[in-house]
Amino acid sequence: MSSDANPQQYPGPPGGPAYQPAAAQQPPPPHYQQSPPPAYQPAPPQQQPVPYVEPGAPYQQGAGGQPPYLPPGAYVPVPPPPPRGGRGAKVAVAAILSVVLLAAVGAVVLFKFVLNQGPDPAESFPASASMYVEINLDPSFDQTPKLLEHLSKFDDLEYDSTDDLLTDLLEESGLEGVDAEEDLTSWIGNRHGLAMWEYDGRQYAVVSLASTDAGAAEDGLADLRAAAGAQEDQMAYTVEDDHVLMVVGEEGAADALDAAQSEAGTEPLSASADYEEARSWLDGDQLAVYWVDMDAVADLAELTGGSADMFSELYSGQFIAGFSAFDRGFELTYRLFGDQDDPWTGSEDLLAGMGELPAADVAATAHIPENLGELAEEWMGTYEEFYGGEDDYAEAEPALEPLTDAEYAEYLELETGYYAGTLSAEDEARYLELDSRYWSAGTVEDPWTDDYDHGPSTEEIEAAVTEFTDLLAGADLSIAGDFDADQGVNPESMLLSAHLAEDRAADLQALVEEWMAEDGGALPEGVTAEGAELSYTGGETASGTLSEDDRFSDFASAAPDQAAVAVWVDLAAAAEAFPDEFDEGGEALSAFAWAHGSDDGDGTGVMRLYLTD
């Protein structure tokens, strides 16, 4: 059974420029519209990812040289959203998919007591999909009890079944006239998938939902689509015996549905060699799986006006991540099967060395690649290509007269009326004249000047980077400290350590002191440089070591064998130091840990969220 395609024009929301309030003080006009390239700052020795990233445009890089590699956890690219259009499709995606897919609630509803598992959703998706998410609400008898036990530790997540939660989600979505039990929970199974797919130059969300009752699914989806205000050609679906296949987009959803079914029939995602390789790497049952074809995403970037070459320089191959429950919390593992080797090769001794740090509230450590100098040269090539050399810009001169004090006061008064839309045509013309002069020449009291400092020259930057990378190549860096309610982190609890590959700690200390002196700062008393070790230990560092914390030891056993970067945060201590930031649900959080490393040239990592017993 299929929905009828009946395209209709759907009006979108009125457009218009967003309101931008006037500044309370006069900003520096000379650099507002035509700022020169910012002064270069050396890249930090590590990139710290976050488990989730909001979708957005790929990071823009220049085409010259190999850019720095970022661990996949630092930025997980997803396909760009479809072009803006009618409200109906947006409501359908935001409301319907968030309800029936359950992905947006972060594994809150990854369980169901009495439903059958359902078919593999990847069998219903075309192999050319660029991104795929699978939610398995009942992956095994091992995962489900752990998930239920962990969720019960959060006061606001105690649901006897998903029915109550789905009802809450439907109410929050603003969909009226929908009965959760009749329209959703009466038929939905427990294994679902979502893919981003390009067809005929447009982007579509393709959804597969396990179903236990085809008739109830047909009726329920019709009610949900009507309540969302989506047209049939914005949300098309077909109901089979054991699943529902749905396509959501701005327009052309019915044709896209037919095309998706046709491709999936001969070339399903589940049979893709790339997907199979990535999926088989994940060990054990997973509550959720996230897969991205980086090359397909690069093609999407090109379709939307971005640079596929720039994106491909950063990412290539297949990215896979799995979310599961373990005995003490939740775990996310990931790997990028890239075409290029991960430069952060790591060290077998990194986690062991981290375990010897004080038992602090927060700690981080990193092993810097030995070929850091070569990587820096490639990064500099990208920098110069992106920003241009120092000969690529010239000092600009103001073409208009600066505003007098009286004109500036008039300008501020007219600005209020301009943004409020109350100016007459004559006053608006006067405002635009003053605005152009203000941003071009400033005011008589604070005029545009041509003595702007563009920072160090390219040669100076290259010399500074070379000196810095020569010292840090092959080094192990560590930092640890305890939270403080007033200062964030208690300075006296800090431990800082740089173990260099050569006996040049004194050279590194001198370089850091020189940089800090330029900004009027200085290293704290107690910094010592001896041989290859540059270190600082405060007078109130934590007693004991991290290895004595059973949570950290448990995590260390799950971290990559070749770890390059690792982070530890005691969330229980953070909740105690900052109770206002953990006013809801904080009592259930115990610790967060992350480690990134390499496996056979591929970047790989583990994140764990520990919960209280």
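In this text, all values refer to a predicted model and were calculated from it rather than measured experimentally.
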Should Gln318 and Asp293 be marked as a side-chain contact (heavy atoms from CB on, under 4.5 Å) after you check the CA-CA gap, both sets of side-chain angles, and the distance that decides it?
-> CA-CA 5 Å; Gln318 319 296 315; Asp293 181 346; 3.8 Å; yes
Where do Tyr132 and Pro121 come nearest, in terms of heavy atoms and distance?
-> OH-CB, 3.4 Å
Within a strict 4.5 Å, meaning less than it, do heavy atoms of the Glu240 and Gln261 side chains meet?
-> yes
Throw together a table of side-chain donor-acceptor distances under 3.5 angstrom for residues 350-361, partners on residues two or more places apart or in other chains.
unit_1	atom_1	unit_2	atom_2	d
Asp361	OD2	Phe483	N	2.9

Check: Trp291 and Glu134 side chains under 4.5 Å, non-hydrogen atoms = no
Which residues satisfy the side chain to side chain donor-acceptor pair (under 3.5 Å) test with Thr545, sequence neighbours excluded?
-> Ser547
Report the distance from atom CH2 of Trp187 to atom OG1 of Thr212, rounding to the nearest 0.5 Å.
-> 8.5 Å
For Asp550, what residues pass the salt bridge (charged side-chain N to carboxylate O under 4.0 Å, His left out) criterion, not counting sequence neighbours?
-> Arg328
With sequence neighbours excluded, what pairs up with Glu263 under the salt bridge (charged side-chain N to carboxylate O under 4.0 Å, His left out) test?
-> none
Calculate, to the nearest 0.5 Å, the distance between atoms CG and OG1 belonging to Leu257 and Thr238 respectively.
-> 6.5 Å
Look only at the side chain of His150 and the backbone of Gly329, and say whether a donor-acceptor pair between them is shorter than 3.5 Å.
-> yes
Tell me, yes or no, whether the heavy-atom count around Glu276 atom CD, taken from other residues, nucleotides or ligands under 6.0 Å, exceeds 12.
-> yes
Indicate the atoms forming the closest heavy-atom contact of Asp213 with Ser186, along with that distance.
-> CB-O, 4.2 Å
Of all heavy-atom pairs linking Phe555 and Tyr610, the shortest is N-OH, 3.1 Å
Quick one: salt bridge (charged side-chain N to carboxylate O under 4.0 Å, His left out) partners of Asp258, sequence neighbours excluded?
-> none
Value rounded to 0.5 Å, distance of OH in Tyr237 from CD in Glu218 | 5.0 Å
Step-by-step side-chain contact (heavy atoms from CB on, under 4.5 Å) determination, Leu336 to Asp602 | CA-CA 6 Å; Leu336 176 61; Asp602 293 334; 5.8 Å; no
Any donor-acceptor pair under 3.5 Å linking the side chain of Ser130 with the backbone of Met196?
-> yes
Residues two or more places apart in sequence or in another chain: which of them pass salt bridge (charged side-chain N to carboxylate O under 4.0 Å, His left out) with Asp327?
-> Lys146
Dump the intermediate steps for side-chain contact (heavy atoms from CB on, under 4.5 Å) on His192 and Val207, then the final yes or no.
-> CA-CA 8 Å; His192 315 297; Val207 185; 6.0 Å; no
Can you see which heavy atom on Ala591 is nearest to which on Arg551, and at what distance?
-> CB-NH1, 3.7 Å
Residue from Asp600, Asp599, Thr604 passing side chain to side chain donor-acceptor pair (under 3.5 Å) with Arg335 = Asp599
Could you walk me through whether Trp594 and Val565 pass side-chain contact (heavy atoms from CB on, under 4.5 Å), step by step?
-> CA-CA 8 Å; Trp594 166 69; Val565 183; 3.5 Å; yes
Note: Phe125 and Ala195 closest approach over all heavy atoms is CD2-CB, 3.5 Å
Is the centre of the Trp197 ring less than 6.0 Å from the centre of the Tyr199 ring?
-> yes
How many angstroms lie between atom CG of Leu245 and atom OG of Ser211, to the nearest 0.5 angstrom?
-> 12.5 Å
State which residue, out of Val569, Leu571, Thr612, fulfils the side chain to side chain contact (heavy atoms under 4.5 Å, CB included) condition with Leu589.
-> Leu571
Side-chain contact test, heavy atoms from C-beta onward, threshold under 4.5 Å: evaluate it for Asp255 versus Asp200 and give yes or no.
-> no
Does the Arg225 side chain pair with the main chain of Met235, one donor and one acceptor, at a distance under 3.5 Å?
-> yes
How long is the gap from CD on Glu198 to OH on Tyr204, to the nearest 0.5 Å?
-> 9.0 Å
Quick one: pull up CZ in Arg279 and CD in Gln286 and give me the separation to the nearest 0.5 Å.
-> 6.0 Å
Asn136, Leu332, Ile135 screened by side chain to side chain contact (heavy atoms under 4.5 Å, CB included) with Phe323, the one that passes = Leu332
All heavy atoms of Ala595 vs all of Ala559, minimum pair found to be CB-CB, 3.9 Å
Checking Ser598 side chain against Gly603 main chain: does a donor-acceptor pair fall under 3.5 Å?
-> no
Is there a side-chain contact between Met131 and Tyr290 (heavy atoms, below 4.5 Å)?
-> yes
